[in-house]
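The analysis underlying the following values was restricted to heavy atoms, covering all of them including side chains, and did not include hydrogens, waters or symmetry mates.
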Amino acid sequence: MHRTSQGELRICAEPANGYRSPGQVRDLLRQLTGMDVDESVVLFEPFNPEFGRNIELGTSVFINARRKFPDQGGTRSGDECLIGHNVVVAALKHDHDPARWADTIPAPVILGRNVWIGANATLLSGVTIGENAVVAASAVVTKNVPAGARRAGKAKDSIWNFRSGSSLCLWGE
């Protein structure tokens, strides 16, 4: 895994000190992911994957600058997603046992259709963000966010569901 990660980091870094056109950026994404990338996808560099092969992008996805993808566990963005700058999508976590902290455990991060992730948000491994959901700037998401909901603040804060108009506490106390 480390060897592949180094290769992907090299691909991103080679001409990164210069400008790349949107088409060149999509070509880079195709090279990194090994998948087709729709012409409607827009990515502002720099872009920091660690693996690359586990990234899937829908159509009309916008990714602002400096998004970080520790993507060994897989990251999938649905159609029409907006992803703010400095967002971290961490599809990899460490073991909770201190003797095994160096061990990593992959789990995918999945964004449904029409999801908006605000600047500086962090999405931790294994979470799914439902369709039409919003994750506010600087939020830390450790559990799934239902469709139509918005998530803000720390992991134990409650969220508001737009469809039902009720407050949900997913991280409970």
Taking all non-hydrogen atoms of both residues into account, name the closest pair between Val115 and Ile129 and its distance.
-> CG1-CG2, 3.6 Å
Does Asn54 offer a backbone N or O that forms a donor-acceptor pair with the side chain of Arg76 under 3.5 Å?
-> no
Closest non-hydrogen atom pair between Thr104 and Pro106, with its separation = O-CD, 3.9 Å
With hydrophobic residues grouped by side-chain heavy-atom distances under 4.5 Å, do Val61 and Val127 end up in a single group?
-> yes
Mind listing the closest non-hydrogen atom pair of Ile55 and Thr33 along with its distance?
-> O-CG2, 3.5 Å
Using a 4.5 Å cut-off on heavy atoms from C-beta on, say whether the side chain of Ile117 contacts that of Val134.
-> no
Sub-4.5 Å side-chain heavy-atom contact between Leu123 and Val135 | yes
List the atom of Ala133, the atom of Val145, and the distance in Å for their closest heavy-atom pair.
-> CB-CG1, 4.0 Å
With a 4.5 Å limit on heavy-atom distance, are the side chains of Cys81 and Asn114 in contact?
-> no
So CZ of Arg113 and CD of Glu80: to nearest 0.5 Å the spacing works out to 5.0 Å
Thinking salt bridges, do Asp103 and Arg100 make one under a 4.0 Å N-O criterion?
-> yes
Applying side-chain contact (heavy atoms from CB on, under 4.5 Å), run through Asn64 and Leu43 and close with a yes or a no.
-> CA-CA 6 Å; Asn64 213 329; Leu43 172 103; over 6 Å; no
Close side-chain approach of Leu57 and Leu29, heavy atoms under 4.5 Å | yes
Please check if the side chain of Arg26 supplies one atom and the backbone of Val41 the other of a donor-acceptor pair under 3.5 Å.
-> yes
Sub-4.5 Å side-chain heavy-atom contact between Arg20 and Leu28 = yes
Give a yes or no answer on whether the side chain of Gln24 reaches the backbone of Ser21 with a donor-acceptor pair at less than 3.5 Å.
-> yes
Which atom names give the shortest non-hydrogen contact between Val42 and Phe44, and what distance separates them?
-> CG1-CE2, 3.7 Å
Can you check whether Ala91's main-chain N or O pairs, donor with acceptor, with Ser125's side chain at less than 3.5 Å?
-> no
For residues Asp79 and Thr59, is any side-chain donor paired with an opposing acceptor at under 3.5 Å?
-> yes
Nearest heavy atoms of Ala139 and Ala152, plus distance in Å = CB-CA, 4.1 Å
Just wondering, do Glu45 and Val25 contact through their side chains at under 4.5 Å, heavy atoms?
-> yes
Distance col, row Ile63:CD1 vs Ile83:CD1, nearest 0.5 angstrom, shows 4.5 Å
Please answer whether the main-chain N or O of Trp101 pairs with a side-chain N or O of His94 as donor and acceptor at a distance below 3.5 Å.
-> yes
Would you say the side chain of Met35 lies within less than 4.5 Å of the side chain of Arg30, judging by non-hydrogen atoms?
-> no
Cluster overlap Leu111 with Val87, hydrophobic side-chain contacts below 4.5 Å | yes
